[in-house]
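Inspection log for the structure reproduced underneath, given as structure tokens.
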Amino acid sequence: MKRPTLKDVLRSVSSFLLFFLTVGFIVSCCMMLFVRILADTMDLTITPDNVGTAAKVTFWNVVLITFLFKFADYIRRKIMVERPTKIITEATEKIMSGDFSVRIKPMESSGMEGFNQIAMAINQMAKELSSVETLRTDFIANVSHEMKTPLAVMQNYGTLLQAPDLSDEKRMEYAKGVTDGSRRMADMMTNILKLNRLENQQIYPQVSEFDLGEQLCECLLQYENIWEKANIEIETDIAEDVKVKADAELLGHVWNNLFSNAFKFTPAGGTVTVSLTATDHHAIVKVTDTGCGMTPEVGAHIFEKFYQGDTSHSVQGNGLGLALVKRVIDIMQGEIGVESAVGKGSTFTVRIGRG
């Protein structure tokens with residue numbers, strides 16, 4: 001227990017004297033008024049002896065009353081102020097040292113409502129900090145893991161390229177491997193930066209009115225070489241003249257990511273379907289593929305950073321695309337959901353406001 005310092009003792013003594021003088025002054029005034037009224041009413045004679053005796057009794061009464069009140073106030077402060085303050089201080093010191101598991105239990109005593117509000121706020125802060133710390137740790141671990149794979153590939157191909165008797169065909173193959181690995185790392189860094197700016201609200205939507213159907217067609221045409229090479233059938237059902245007020249560039253990221261995933265998971269000879277319908281207040285876009293599909297457990301996590309349900313296609317992505325999509329849709333105050341069945345494909349549904 002912390003020993004009181006000389007400064008603490010002097011503060012207590014000065015507080016006692018101030019309280020004593022205040023009580024003494026009030027009691028003396030009350031007694032003088034009482035005695036004067038009593039003497040005038042009952043025609044009593046006040047002698048110096050009577051006044052001296054009364055003053056002594058009054059003085060010691062004031063001392064006793066002051067002591068009792070200060071003692072009661074001391075007990076009250078110990079229970080009602082110092083004890084909860086100590087609990088809260090110890091909890092905040094633990095949080096400052098990095099222990100975010102700290103929780104302050106509610107104080108049941110009467111008059112603790114204010115301290116309980118502070119405790120609830122600290123508990124919520126600790127909970128949020130714990131969540132942020134977990135996300136930060138997972139993020140660093142995932143980034144490190146994702147960077148190791150392309151770096152290892154690039155290192156291996158770089159080593160193979162140093163062989164003196166390497167044929168031109170193999171040299172081109174290995175050089176392409178290095179290029180693909182570096183491109184994957186560049187894409188991952190780009191997505192990380194975009195996602196970070198979105199989550200920190202450093203990107204503000206530039207709202208304009210545009211034809212959503214035209215944008216969908218333009219984004220889809222960028223993958224023409226892919227679907228022709230894989231003999232994937234394209235089906236579209238896009239309503240005409242569906243205008244929306246949104247950030248066209250951000251929505252372009254959404255469609256590009258959804259289309260890219262659809263073609264990545266759809267096998268040769270499969271089908272990718274894109275539809276656009278509209279209500280008075282919303283535009284609804286559906287992107288459907290006939291790929292491998294996913295289980296409900298995988299579907300519950302696909303919008304998390306670095307999550308990849310199908311690891312067989314991990315070399316083609318970094319698990320950030322759908323997290324980026326989700327963040328953009330949230331900024332647009334829209335909704336995104338997925339329906340999927342293993343072996344039957346998936347359908348992503350995006351609902352955004354029209355204005």
Side-chain angles (χ1 to χ4, degrees), residues 142 145-146 149-150 153 176-177 180-181 183-184 187-188 190-191 194-195 212-213 215-239 250-277 283-330 334-352:
N142 285 323
H145 174 74
E146 291 295 329
T149 302
V153 171
K176 184 178 182 300
D180 290 344
R183 183 180 295 112
R184 183 185 174 194
D187 291 342
M188 181 174 65
T190 300
N191 283 335
K194 287 179 182 177
L195 194 56
L212 183 57
Q215 186 188 49
L216 287 170
C217 292
E218 290 174 0
C219 290
L220 188 59
L221 286 173
Q222 297 179 26
Y223 298 89
E224 184 175 5
N225 291 335
I226 295 176
W227 80 60
E228 287 183 349
K229 183 177 180 181
N231 194 28
I232 295 174
E233 183 179 353
I234 303 298
E235 295 181 358
T236 59
D237 182 12
I238 298 176
L250 289 179
L251 274 184
H253 291 309
V254 172
W255 314 135
N256 284 330
N257 275 288
L258 293 181
F259 294 158
S260 175
N261 281 344
F263 290 118
K264 179 170 70 174
F265 291 105
T266 301
T271 303
V272 171
T273 304
V274 180
S275 69
L276 169 63
T277 58
I284 304 166
V285 177
K286 292 187 177 182
V287 180
T288 304
D289 63 67
T290 56
C292 57
M294 66 187 95
T295 64
E297 291 76 14
V298 172
H301 297 282
I302 57 171
F303 296 111
E304 297 176 4
K305 290 189 284 290
F306 295 106
Y307 185 83
Q308 296 184 5
D310 183 3
T311 55
S312 65
H313 291 79
S314 61
V315 70
Q316 302 178 37
N318 47 56
L320 289 171
L322 289 178
L324 189 65
V325 166
K326 181 66 167 62
R327 185 57 184 147
V328 170
I329 296 300
D330 288 344
E335 300 175 5
I336 183 170
V338 60
E339 297 178 1
S340 184
V342 176
K344 296 183 179 181
S346 305
T347 298
F348 285 85
T349 304
V350 177
R351 179 188 297 267
I352 59 175

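In this text, all values refer to a predicted model and were calculated from it rather than measured experimentally.
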* Student check: side-chain heavy atoms of L216 and T236 closer than 4.5 Å -> no
* side chain to side chain contact (heavy atoms under 4.5 Å, CB included) against E335, all qualifying residues, sequence neighbours excluded -> R351
* **Nearest non-hydrogen partners of L212 and A283, listed with the distance** => CD2-CB, 3.8 Å
* To do: Could you list the residues that satisfy side-chain hydrogen bond (donor to acceptor under 3.5 Å, both in side chains) with S275, not counting sequence neighbours?
  => none
* With side chain to side chain contact (heavy atoms under 4.5 Å, CB included) as the test, would you mind laying out the steps for N261 and K264 before giving the verdict? => CA-CA 5 Å; N261 281 344; K264 179 170 70 174; 3.7 Å; yes
Could you go through residues 340-347 and list every donor-acceptor pair under 3.5 Å that involves a side-chain atom there, pairing it with any protein atom two or more places apart or in another chain?
{"from": "S340", "atom 1": "OG", "to": "M294", "atom 2": "N", "distance (Å)": "2.8"}
{"from": "S340", "atom 1": "OG", "to": "G345", "atom 2": "O", "distance (Å)": "3.1"}
{"from": "S340", "atom 1": "OG", "to": "S346", "atom 2": "OG", "distance (Å)": "2.8"}
{"from": "T347", "atom 1": "OG1", "to": "T288", "atom 2": "OG1", "distance (Å)": "3.0"}

* Test side chain to side chain contact (heavy atoms under 4.5 Å, CB included) on F348 and V325 and set out the steps. => CA-CA 11 Å; F348 285 85; V325 166; over 6 Å; no
* To do: Dump the intermediate steps for side chain to side chain contact (heavy atoms under 4.5 Å, CB included) on I234 and T271, then the final yes or no.
  => CA-CA 6 Å; I234 303 298; T271 303; over 6 Å; no
* Could you give the distance from NZ (K286) to CG (D237), rounded to the nearest 0.5 Å? -> 10.5 Å
* Would you name the heavy atoms of G213 and I238 that are closest together and state the gap between them? => CA-CG2, 3.7 Å
* Structure fact -> So the side-chain hydrogen bond (donor to acceptor under 3.5 Å, both in side chains) pairs with at least one residue in residues 219-229 (sequence neighbours excluded) are none
* Test side chain to side chain contact (heavy atoms under 4.5 Å, CB included) on L258 and V350 and set out the steps. => CA-CA 10 Å; L258 293 181; V350 177; 3.9 Å; yes
* Report yes if some heavy atom in the side chain of I352 is under 4.5 Å from a heavy atom in the side chain of L251; otherwise report no. => yes
* Residue list, side-chain hydrogen bond (donor to acceptor under 3.5 Å, both in side chains) with K326, at least two apart or on another chain -> D330
* Check I232 against P267 and note the closest heavy-atom contact, atom names and distance. => CG1-O, 4.0 Å
* Those residues that, when tested against T266, pass side-chain hydrogen bond (donor to acceptor under 3.5 Å, both in side chains) (two or more places apart) -> none
* Asked: Looking at L220 and F259, what are the two nearest heavy atoms and their distance?
  -> N-CE1, 3.7 Å
* About how many Å separate NE2 of H253 and OG of S260, when rounded to the nearest 0.5 Å? -> 13.5 Å
* Roughly how far, to the nearest 0.5 Å, is the CD1 atom of I336 from the CG atom of L322? -> 7.0 Å
